[in-house]
Every structure is written in structure tokens, then in C-alpha cells.
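Worksheet: one structure, shown below.
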Amino acid sequence: QVQLVESGGGLVQAGDSLRLSCAASDRAFSDYAVGWFRRAPGKDREFVGAITRNGRYTYYADSVKGRFSISRDNAKNTVDLQMNNLKPEDTGAYYCALRSGGPDPDPSKYGNWGQGTQVTVSS
């Protein structure tokens, strides 16, 4: 029921930063945990990180810990993914998705997926 739109992707060089945004259509957004996932060329969808409904806790894949950070502003119906020190292996289509209850690394437990935004990191 809640529509999601990802934005902020682009073509960058290794070591650069990008800030992705996930914008929701209405305030029901605050009832859900939000996950970020990515799909690299030739690979399955991969968990990146997630944030709880109230934004008090975040979780990250080992591959992005220390480089990526998730935050949310429920008053604005947005969740951001700050990506620093990007690497070529970060290349892929990035998606946000909603889950009733707490965060989970399994993409099958999420619904209300956005359309994705492409991130390409060159070496």
C-alpha cells in the first residue's frame, strides 16, 4: 500500500560517496522496518542494511560495515543510505523495502519494494 521511490544513484569513482534516499508515499511508512538491498551484476539480491521503525537500531552486512549508514526521518517519510568509500564491488541496483516487525536480512520477508536506483563504481 505504501509506495517507495529510491533516488540518488549514479556513476562514481572508487573512494567517492553517495547518499541514496527512499521516499514513501504516506505516514504509514513509520509502521515498518526498512531494509536496503542490492543486486550486483550476475548475483542474487543481497542484504545491505536495515533500520527499525523508530530508527533507534540499525543493522549492516559485514561487507558495508563502517562505510554505510542508514537513517530515517519519519516526519518526512524518508530513509537515507549514506555510502562512503565506495568500492567497485558496491556496484548494483539498490532497493529499499518494508517489513512489518523488525529488520531481517532475508529479502523474502519484505514487501513494498521500490523501483531501485543504479549505483556504478568505477576503479
Side-chain angles (χ1 to χ4, degrees):
Q1 302 88 305
V2 181
Q3 292 180 295
L4 304 177
V5 177
E6 300 96 335
S7 62
L11 174 62
V12 298
Q13 296 183 4
D16 286 352
S17 297
L18 280 175
R19 190 175 185 90
L20 307 185
S21 180
C22 175
S25 60
D26 60 56
R27 293 190 66 255
F29 183 60
S30 64
D31 295 334
Y32 300 90
V34 178
W36 282 95
F37 298 84
R38 66 189 181 191
R39 186 176 181 89
K43 296 184 178 181
D44 292 333
R45 191 161 45 185
E46 176 188 21
F47 174 73
V48 174
I51 189 167
T52 56
R53 293 185 300 153
N54 56 23
R56 282 197 263 272
Y57 299 94
T58 53
Y59 306 86
Y60 302 96
D62 288 342
S63 59
V64 305
K65 284 181 180 177
R67 299 188 298 118
F68 291 10
S69 180
I70 301 171
S71 60
R72 73 187 297 167
D73 187 341
N74 286 340
K76 297 181 179 179
N77 300 325
T78 58
V79 167
D80 288 352
L81 175 64
Q82 178 66 46
M83 305 186 295
N84 298 323
N85 192 25
L86 284 161
K87 303 176 180 180
E89 50 263 46
D90 294 320
T91 293
Y94 282 70
Y95 302 85
C96 60
L98 307 183
R99 182 177 189 266
S100 298
D104 196 286
D106 185 353
S108 70
K109 296 184 178 180
Y110 290 78
N112 300 89
W113 293 81
Q115 87 290 347
T117 185
Q118 179 66 35
V119 173
T120 302
V121 185
S122 63
S123 60

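If you read the sequence from its start, that first residue is 1, and numbering goes on from there. As the structure is a prediction and not an experimental result, all values here were calculated from the model.
- The shortest non-hydrogen separation linking P88 to A14 is CD-CB, 4.1 Å.
- The hydrophobic cluster containing L81 also contains V12, counting ILVMFWY residues as joined when their side-chain heavy atoms lie under 4.5 angstrom apart, directly or transitively.
- Heavy atoms only, all atoms of each residue included: V119 and G9 are closest at CG2-CA, 4.1 Å.
- Listed here is the closest heavy atom pair of V64 and V48: CG2-O, 3.5 Å.
- Separation of atoms CD (Q3) and CG (D26) is listed at 9.0 Å; rounding is to 0.5 Å.
- Few gaps surround CD on E89; more than 12 heavy atoms of other groups in view lie less than 6.0 Å from it.
- Of the candidates F37, Y94, Y95, F37 is the only one forming a ring pair (Phe, Tyr, Trp, His ring centres under 6.0 Å) with F47.
- A single hydrophobic cluster is seen to contain both I70 and L98, as judged by linkage of ILVMFWY side chains at heavy-atom distances under 4.5 Å, directly or through other members.
- Looking at heavy atoms from C-beta onward, Y59 lies in side-chain contact with T52 at the 4.5 angstrom threshold.
- No donor-acceptor distance shorter than 3.5 angstrom exists from the side chain of D80 to the backbone of Q82, with no hydrogens or angles considered.
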* M83 and D16: side chain to side chain contact (heavy atoms under 4.5 Å, CB included), yes or no, with the steps? -> CA-CA 8 Å; M83 305 186 295; D16 286 352; over 6 Å; no

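- The closest side-chain heavy-atom distance from S63 to R38 is below 4.5 Å.
- In this model, no donor atom of one side chain and acceptor atom of the other lie less than 3.5 Å apart for Y110 and R99.
- In this structure, W36 has its ring center no closer than 6.0 Å to that of F68.
- Residues Q115 and E6 meet the side-chain proximity criterion, which asks for heavy atoms closer than 4.5 Å.
- To the nearest 0.5 angstrom, S30 atom OG is 11.0 Å from D73 atom CG.
- Under a cut-off of 6.0 angstrom, the local environment of CZ in R72 is crowded, with over 12 non-hydrogen atoms contributed by other residues, nucleotides or ligands.
- Residues S17 and N84 share a closest heavy-atom pair of OG-OD1, 3.0 Å.
- The hydrophobic cluster containing L20 does not contain V5, counting ILVMFWY residues as joined when their side-chain heavy atoms lie under 4.5 angstrom apart, directly or transitively.
- Residues T91 and Q118 form a side-chain contact, since some pair of their non-hydrogen atoms from C-beta on lies under 4.5 Å apart.
- Taking the charged nitrogens against the carboxylate oxygens, K87 and D90 have no contact shorter than 4.0 Å, which rules out a salt bridge.
- Although no hydrogens or angles enter the test, the distance criterion places no donor-acceptor pair under 3.5 Å between the side chain of N85 and the main chain of R67.
- The environment of R19 atom CZ is dense: over 12 non-hydrogen atoms of other residues, nucleotides or ligands sit within 6.0 angstrom.
- The shortest non-hydrogen separation linking P107 to P105 is CD-O, 3.3 Å.
- In terms of heavy atoms, A50 sits closest to P103 at CB-CB, 3.5 Å.
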